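What follows is a short report on a single structure.
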Amino acid sequence: MRGKFITVEGTEGVGKTTNIQFIQAWMEKNKLAFATTREPGGTPLAEQVRELLLAPREEKVCNTAELLLMFAARAQHLNQVIEPMLGEGAWVLCDRFTDATYAYQGAGRNMRDDLISELELLVQGSLRPDLTLILDIPVEIGLQRAGERSTPDRFELERVEFFERVRNRYLQIAADSPERCVIIDASQSIEGVQAQIEKALNKFLENA
Ligand code: Z5A
């Protein structure tokens, strides 16, 4: 049987990394074969593209180049990791996927949704996540959390308004796809956030 594809999304510092560890433990507890991966990245080539995308640089990266690099990394990741794992029956847990492109390149960079959906069709065909957990938090809190943790990458150097647009798009995606997306209130304590995640995962597993 084909595996399930679960993605975790949200704005900066929302706690994806922290909670992906919790989801891994939940999968082990439920004896599910799974692989954890991330975007951009997930293969040696795609990780190199990630480095290109995240490194702060003096040269302005044009929006089209950024969008194409995201989908180039995704094409490789799908071909080398995601599709084979799902085909073997493993669940795939992915830190960000195409919802991030609609949120960051679409809403953040003001790129047209129809261009993104054409690339989505080219690269993914009909593949979409089975479940997407959208961790939601006021932008200032997320940026504060992320800032305390590491030096900013090229995206984290953006203004607050950029991340407000990203956050609003994620909320819109959740409203448009309620059968796939669950919003998690990530402003709560780590225990509170993980209780919400566990509830969503248990419900998904019951129906899987
Ligand atoms: N990007 C894009 O533009 N288009 C695309 O299509 C894709 C990506 C796929 C890299 O993503 C960048 O790529 C991203 C969008 C762009 N922009 N940036 N930057 P990334 O996912 O690798 O990077 P990130 O969003 O910055 O994630 P992050 O910095 O790794 O943050 P996080 O994983 O969400 O947070 P965390 O490390 O788990 O937590 C941050 C801190 O908060 C840490 O100290 C925790 O201990 C703490 N924390 C976590 N939860 C809590 C709670 N509940 N209470 C208190 N403190 C907490």
Side-chain angles (χ1 to χ4, degrees), residues 2-21 23-24 27 33-57 59-109 111 113 115-135 146 149-158 162-163 166 169-170 173 180:
R2 197 171 158 83
K4 298 292 179 191
F5 184 27
I6 299 184
T7 57
V8 183
E9 299 275 1
T11 49
E12 318 313 301
V14 78
K16 290 178 294 89
T17 309
T18 308
N19 290 300
I20 277 173
Q21 289 166 12
I23 300 171
Q24 289 174 316
M27 290 200 180
F34 70 95
T36 306
T37 187
R38 68 174 180 180
E39 290 219 341
T43 83
L45 175 62
E47 287 291 329
Q48 286 186 341
V49 177
R50 178 190 178 90
E51 283 173 27
L52 291 174
L53 279 161
L54 296 196
R57 62 183 73 241
E59 177 185 359
K60 177 170 170 26
V61 180
C62 84
N63 290 345
T64 307
E66 183 176 287
L67 178 67
L68 291 173
L69 285 168
M70 287 295 174
F71 272 106
R74 183 162 299 139
Q76 186 70 6
H77 190 203
L78 278 162
N79 181 268
Q80 294 292 305
V81 176
I82 297 178
E83 283 288 8
M85 296 301 298
L86 292 173
E88 284 171 20
W91 288 36
V92 174
L93 173 59
C94 192
D95 185 342
R96 295 194 185 280
F97 194 61
T98 306
D99 291 321
T101 314
Y102 283 104
Y104 283 81
Q105 282 65 53
R109 304 277 192 230
M111 295 207 75
D113 279 357
L115 293 178
I116 299 175
S117 56
E118 275 183 37
L119 290 167
E120 183 179 34
L121 182 64
L122 171 73
V123 168
Q124 294 167 225
S126 61
L127 181 100
R128 300 289 180 277
D130 296 298
L131 172 68
T132 299
L133 301 172
I134 299 181
L135 277 58
R149 201 211 41 194
S150 61
T151 50
D153 62 34
R154 195 171 58 82
F155 288 93
E156 287 164 346
L157 294 168
E158 289 293 335
F162 174 91
F163 296 109
V166 172
R169 176 57 67 91
Y170 274 129
I173 289 169
R180 170 175 70 88

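Side-chain atoms are counted along with the backbone in the values below, which use heavy atoms only and exclude waters and symmetry mates. As the structure is a prediction and not an experimental result, all values here were calculated from the model.
The minimum heavy-atom distance between H77 and G41, with the atom names listed, is CG-O, 3.3 Å. The shortest heavy-atom contact between V49 and L69 is CG1-O, 3.5 Å. What you find for T132 and P129 is that their closest heavy atoms are OG1-CB, 3.5 Å. Heavy atoms only, all atoms of each residue included: A73 and A46 are closest at O-CB, 3.7 Å. Residues Q105 and A100 come closest through the heavy atom pair OE1-O, 3.9 Å.
The pair R169-E9 fails the salt-bridge criterion, with no side-chain N (NZ, NE, NH1 or NH2) lying under 4.0 Å from an Asp/Glu carboxylate O. Between R2 and D130 there is no salt bridge, since no side-chain N of the basic residue sits under 4.0 Å from a carboxylate O of the acidic one. The pair E66-K60 fails the salt-bridge criterion, with no side-chain N (NZ, NE, NH1 or NH2) lying under 4.0 Å from an Asp/Glu carboxylate O. A salt bridge is defined here as a Lys NZ or Arg NE, NH1 or NH2 lying under 4.0 Å from an Asp or Glu carboxylate O, and R50 with D153 fails to meet this definition.
Using a 4.5 Å heavy-atom threshold, the side chains of L133 and I23 count as touching. Side-chain contact between V8 and N19 is absent, with no heavy atoms from C-beta onward closer than 4.5 Å. Under the 4.5 Å side-chain criterion, counting only non-hydrogen atoms from C-beta, L157 is in contact with P56. Side-chain contact between M27 and I6 is present, with at least one heavy-atom pair separated by less than 4.5 Å. Considering only heavy atoms from C-beta on, Q76 stays 4.5 Å or farther from E47 through its side chain. Within the 4.5 Å cutoff, side-chain heavy atoms of F97 are placed close to those of R74. With contacts defined as side-chain heavy-atom distances shorter than 4.5 Å, the pair R109/E158 qualifies. Side-chain contact between L68 and L119 is present, with at least one heavy-atom pair separated by less than 4.5 Å.
Between the CD1 atom in I82 and the CD atom in E39 there is a gap of 5.0 Å [rounded to 0.5 Å]. Going from atom OH of Y170 over to atom OH of Y104 covers 5.0 Å, rounded to the nearest 0.5 Å. The structure places CZ of R180 at 4.0 Å from CG of D99, a figure rounded to the nearest 0.5 Å. Expressed to the nearest 0.5 Å, how far OG1 of T101 lies from CD1 of I116 amounts to 6.5 Å. For the atom pair CG of L121 and CG of L127, the computed distance is 12.0 Å after rounding to the nearest 0.5 Å. The distance from the CD atom of E120 to the CZ atom of R128 is 3.5 Å, given to the nearest 0.5 Å.
A donor-acceptor pair under 3.5 Å links the side-chain atoms of R154 to the main chain of L53, judged by distance alone.
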* **Working for side-chain contact (heavy atoms from CB on, under 4.5 Å), residues M85 and F34** => CA-CA 8 Å; M85 296 301 298; F34 70 95; over 6 Å; no
* To do: Decide side-chain contact (heavy atoms from CB on, under 4.5 Å) for F71 and Q124; before the verdict, give the C-alpha distance in whole Å, the side-chain angles of both, and the deciding distance to 0.1 Å.
  => CA-CA 9 Å; F71 272 106; Q124 294 167 225; 4.1 Å; yes
* To do: Could you walk me through whether M111 and T64 pass the side-chain contact (heavy atoms from CB on, under 4.5 Å) test, one step at a time?
  => CA-CA 8 Å; M111 295 207 75; T64 307; 4.0 Å; yes
* Going through the distances and angles, do T36 and Q24 end up as a side-chain hydrogen bond (donor to acceptor under 3.5 Å, both in side chains)? -> CA-CA 8 Å; T36 306; Q24 289 174 316; 2.7 Å; yes
